[in-house]
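Taking it in order: structure first as structure tokens, then the write-up.
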Amino acid sequence: MKQTIHEILHLALTRAQKKGELKLETPPTIILDTPREKNHGDLATTLALTLAKPESKSPRKIAEIIIANIQDDAGIIEKTEIAGPGFINFFLKQDRWKKTLFEIESEGASYGLKNIGKGERVLVEFVSANPTGPLHVGHGRGAAVGDALANLLAAVGYDVTREFYINDAGRQIKLLSESIYSRYQQACGNAVQFPEDGYHGDYVEELARDFIQQHGNKYLNVPFEECRDVFGIFGKEMMLADIRTDLEAFGVRFDTWFSEANLLQDQSVQTSVEELRESRNLYEQDGALWFRSTAFGDDKDRVVKKQDGAWTYLATDIAYHRQKLGRGYKTLVNIWGADHHGYIPRMQAVIQAFGHPKDSLHVLLVQLVAILRHGQPVPMSKRAGTFVTLRDVVQDVGADVARYIFLTRRSDSHLDFDLDVAKEQSRENPVYYVQYAHARLASLFREAESRKISIPKSSTADLNLLDQSEEQHLIKALAKYPELVEEAAQAYEPHRLTYYLQDLAGLLHNYYFKHRVITDDVDRTGAKLFLLKQVKTVIQSALGILGVSAPDRM
RNA sequence: GCGCCCAUAGCUCAGUUGGAUAGAGCAACGGACUACGAAUCCGUAGGUCAGAGGUUCGAAUCCUCUUGGGCGCGCCA
């Protein structure tokens with residue numbers, strides 16, 4: 001629709017140019033918007049306003065010229081008008097809108113999903129929590145955003161891989177190992193001191209108990225240095241299994257789990273660093289090895305190998321991202337906690353040092369989640385081991401509610417998650433509001449079926465009977481869906497879908513309340529059912545992208 | 001000290017990439033069930049878009065400064 005008007009305007013401009021009515025020294029970009037006010041038409045352009053200066057004519061004069069040159073061969077425009085300072089408003093013929101319904105009927109679940117990805121491969125890396133403790137709500141938000149974004153990109157034709165990067169090398173695992181070892185000793189009656197930076201959560205004691213079940217007191221008199229790996233590997237495996245379980249309960253499944261430790265074992269780190277050395281992006285100073293990230297816009301250069309010969313975290317990240325690019329992904333999307341934002345320039349420097357454009361790495365920042373209970377924030381401290389786990393939240397409010405609420409805000413803004421509201425089943429809880437719309441429709445179709453009323457096919461539905469303003473609003477909302485999905489995908493903003501859904505559900509509830517669907521008027525009933533079937537399809541499609549279920553009954 | 005992000009109705013937040021009279025939900029007030037799901041709907045009220053300049057036909061949106069908040073700034077991960 002937008003496309004067609006766009007072309008018509010383009011032709012009008014060239015025609016005006018040929019006649020010498022407009023100079024058009026620099027071809028203007030035509031922007032079409034859907035006006036907020038419905039009496040401003042279906043589509044509007046500011047073309048005449050932007051042309052006013054270069055053409056040195058008044059905007060209204062230019063608008064007149066453009067309109068005079070419009071040829072509506074397909075006959076889709078009802079009327080055009082010049083409004084305000086020089087907006088051109090297009091009113092489209094009603095039956096054009098009805099075509100939307102036929103499109104949804106024939107395309108079904110794939111309605112509105114344009115193939116803008118064209119099969120290009122994208123890697124979405126998210127969650128990537130250290131396997132040293134359970135997932136907390138912050139990880140949950142990252143999981144919801146990452147998974148919905150992956151769905152969204154896949155829906156518009158990208159070939160998407162979901163990856164979990166396992167930080168299973170270095171200090172954290174050693175600390176986990178030491179923490180379990182201490183709890184193990186304590187559980188067996190040895191009063192050893194707990195490591196100062198150790199993990200204090202209760203789950204460590206559970207791990208120690210599990211360890212005793214498997215190994216008994218075999219390691220009671222073994223010094224830590226000699227059984228470090230035993231405890232480390234045990235803890236890591238247990239935690240990873242836990243993380244996997246939690247994510248599955250949350251409806252998130254990864255295609256690949258990528259181990260940091262492997263990068264060290266298979267010499268990838270050495271190879272990557274060697275490559276940077278050859279491209280002269282590395283240098284030695286003060287006994288350490290530095291990456292010249294300033295050459296790519298970073299504030300300062302970064303150490304890759306420390307004086308003591310150990311690799312930094314950046315070193316494994318260099319190897320990891322080189323590896324990702326080497327697997328043939330055009331675009332890398334990383335979902336990080338917002339506190340890592342300072343890390344972005346150096347990673348983009350890495351990407352560029354390997355010869356890829358800066359924006360082939362797209363980092364999405366996810367802000368913290370504050371959990372509220374009875375209106376009060378629940379205190380969380382990772383150090384003290386007190387935090388609300390994803391598992392607690394999912395058990396408390398369910399995966400659908402949690403996912404939806406995580407997606408109701410832009411990912412980089414703070415989110416207050418009120419557990420009491422999340423359990424409420426009312427308009428305040430947007431999940432139920434949207435799901436209820438779907439369930440209501442399902443119920444309506446059950447009712448129709450029990451009365452032996454069938455939904456007409458495209459060929460038999462008389463859509464001219466959909467003459468109520470609420471019906472028109474619904475159709476327009478459905479017509480907007482393709483554009484919305486495309487824009488959300490391009491902006492990497494799945495939250496736009498939640499707002500769209502709330503709008504659409506609102507229109508549906510409003511319509512449903514005002515108008516009885518099933519009446520004695522058979523044709524009108526048929527047309528309404530046809531419309532509502534398409535509404536149901538779109539709600540289901542959008543909820544599907546968000547990873548939230550569309551129940552037939554609640 | 002330097003850098004990034006943020007500030008919109010009492011509260012929580014949208015705002016179609018610079019457009020027309022800034023929108024939702026909640027809370028408040030007033031209404032709607034003899035009907036396909038009231039987990040719903042309708043109405044009223046609520047605003048100096050933190051403040052001040054600037055850019056232009058036009059700014060919540062872009063630029064500069066100020067104020068107030070969050071987060072980064074390690075040879076930690």
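These numbers were taken from a predicted model, which means no experiment stands behind them. Chain naming here is simple, since letters A, B, ... match the order of the sequence lines and numbering starts at 1 in each.
Using a 4.0 Å heavy-atom distance criterion, A/H438 is classed as making no nucleic acid contact. Using a 4.0 Å heavy-atom criterion, one finds that A/D286 contacts the bases of the nucleic acid, with or without backbone contacts as well. Within the 4.0 angstrom heavy-atom criterion, base atoms lie near A/A83. Within the 4.0 angstrom heavy-atom criterion, no nucleotide atom of any strand lies near A/A310. When heavy atoms are screened at a 4.0 angstrom cut-off, A/K300 is found touching the sugar-phosphate backbone but no base atom. A/R302 comes within contact range of no nucleotide atom at all, as no heavy-atom separation falls under 4.0 Å. When heavy atoms are screened at a 4.0 angstrom cut-off, A/A288 is found touching base atoms of the nucleic acid. Note on A/Y512: a base of the nucleic acid sits closer than 4.0 angstrom, heavy atoms only. Residue A/N89 is classed as a base contact, given a heavy-atom separation below 4.0 Å to a base. Within the nucleic acid shown, A/A44 comes within 4.0 Å of at least one base atom, counting heavy atoms only.
The interatomic distance linking A/R346 (CZ) with B/rG3 (C1') rounds to 12 Å, in whole Å. In this structure, CH2 of A/W290 is placed 7 Å from C1' of B/rC75, rounded to the nearest angstrom. The CZ-C1' distance, from A/R516 to B/rC41, rounds to 16 Å in whole Å. In this entry the distance linking CG of A/L368 with C1' of B/rG72 reads 13 Å, nearest Å. A/L32 places its CG atom 16 Å from the P atom of B/rG18, with the value rounded to the nearest Å.
The aromatic ring centres of A/H40 and A/F87 sit 6.0 Å or more apart. Aromatic pair A/Y500/A/Y481: ring centres closer than 6.0 Å.
Judged as a salt bridge (Lys or Arg N to Asp or Glu O under 4.0 Å), and not counting sequence neighbours, A/R440 has no contacts. In this structure, A/F296 has no ring pair (Phe, Tyr, Trp, His ring centres under 6.0 Å) partners at least two apart in sequence or on a different chain. Remark: A/R141 pairs with no residue by the salt bridge (Lys or Arg N to Asp or Glu O under 4.0 Å) rule, at least two apart or across chains. Residues passing the ring pair (Phe, Tyr, Trp, His ring centres under 6.0 Å) test with A/F445: none are found, sequence neighbours excluded. Evaluation of the ring pair (Phe, Tyr, Trp, His ring centres under 6.0 Å) rule for A/H515 yields A/Y511 as partners, not counting sequence neighbours.
Closest to the A/T50 side chain, of the nucleotides B/rG19, B/rG37, B/rA20, is B/rG19. The side chain of A/T46 approaches B/rG19 more closely than any other nucleotide in the set B/rG19, B/rC41, B/rC36. Ranking B/rC42, B/rC76, B/rG37 by closeness to the A/R446 side chain, first place goes to B/rG37. In the set B/rC75, B/rG19, B/rA77, the nucleotide with an atom closest to the side chain of A/Q307 is B/rC75. When each of B/rG19, B/rC75, B/rC41 is scored by its nearest atom to the side-chain atoms of A/T312, the top-ranked nucleotide is B/rC75. Taking only side-chain atoms of A/V303, from C-beta outward, the nucleotide of B/rC57, B/rC36, B/rC75 with the closest atom is B/rC75.
Look at A/R60 and you won't find any side-chain N or O under 4.0 angstrom from OP1 or OP2 of B/rC57. Note on A/K174: every side-chain N or O is 4.0 Å or more away from OP1 and OP2 of B/rC76. Not one side-chain nitrogen or oxygen of A/N510 sits closer than 4.0 Å to the OP1 or OP2 atom of B/rU40. The phosphate of B/rC41 (OP1 or OP2) has a side-chain N or O of A/Y433 nearer than 4.0 angstrom.
Only the C1' atoms considered, B/rC26 is 39 Å distant from B/rC73, to the nearest whole Å. Comparing the same atom, P, in B/rG3 and in B/rA14 gives a spacing of 27 Å after rounding to whole Å. Rounded to whole Å, the separation between the C1' atoms of B/rG19 and B/rA7 comes to 23 Å. Comparing B/rG68 with B/rC29, their C1' atoms are spaced 34 Å from each other, to the whole Å. When the P atom is compared between B/rG70 and B/rC6, the two are found 16 Å apart, to the nearest whole Å. Nucleotides B/rU64 and B/rC41 have their C1' atoms positioned 49 Å apart, rounded to a whole Å.
Between A/R446 and A/E449 there is no salt bridge, since no side-chain N of the basic residue sits under 4.0 Å from a carboxylate O of the acidic one. Checked for salt-bridge contact, A/K423 and A/D396 meet the test: a charged N lies under 4.0 Å from a carboxylate O.
In this structure, B/rU17 shows a glycosidic angle within 90 degrees of zero, which is the syn conformation. Base orientation at B/rC33 is syn, since its O4'-C1' glycosidic dihedral falls within 90° of 0.
Ring geometry, A/Y165 versus A/Y320: the interplanar angle falls under 30°, so the pair is classed parallel (tilted spans 30 to 60°).
Side-chain contact check for A/R60 versus A/P85: every heavy-atom pair is 4.5 Å or farther apart. The shortest side-chain heavy-atom distance between A/L152 and A/L546 does not fall under the 4.5 Å cut-off.
Stem analysis of RNA chain B (Watson-Crick or G-U pairs, both distances under 3.5 Å, runs of at least three) returns B:1-5 with B:69-73, B:10-13 with B:23-26, B:28-32 with B:40-44, B:50-54 with B:62-66.
The side chain to side chain donor-acceptor pair (under 3.5 Å) contacts involving residues 45-56 of chain A comprise nothing, where partners must be two or more places apart or lie in separate chains. The salt bridge (Lys or Arg N to Asp or Glu O under 4.0 Å) contacts involving residues 505-523 of chain A comprise A/E470-A/K514, A/D521-A/R524, where partners must be two or more places apart or lie in separate chains. Sorted by first and then second residue, the pairs that involve residues 40-52 of chain A and meet salt bridge (Lys or Arg N to Asp or Glu O under 4.0 Å), not counting sequence neighbours, are A/D42-A/K476.
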| If the sugar-phosphate is the primed atoms plus P, OP1 and OP2 and the base is the rest, what is the B/S/- string for nucleotides 10-16 of chain B, using protein heavy atoms under 4.0 Å? | --SSSSB
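Both A/F445 and A/G170 sit near RNA chain B, but only A/F445 has its closest nucleotide nearer the 5' end. RNA chain B is contacted by both A/K514 and A/D339; A/K514 maps to the nucleotide lying nearer its 5′ end (nearest heavy atom per residue).
For the atom pair CG (A/L529) and CG (A/L441), the distance works out to 10.0 Å, reported to the nearest 0.5 Å. Residue A/H362 holds its NE2 atom at 9.0 Å from CD1 of A/I344, rounded to the nearest 0.5 Å. One finds the CG atom of A/L444 at 13.0 Å from the NZ atom of A/K533 (value rounded to the nearest 0.5 Å).
Side-chain atoms of A/H341 and base atoms of B/rC71 include a donor and an acceptor less than 3.5 Å apart.
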What's touching nucleotides 27-29 of chain B from the protein side, N or O pairs under 3.5 Å?
none

Collect all protein-nucleotide pairs involving nucleotides 31-33 of chain B in which both atoms are nitrogen or oxygen and the distance is under 3.5 Å.
none

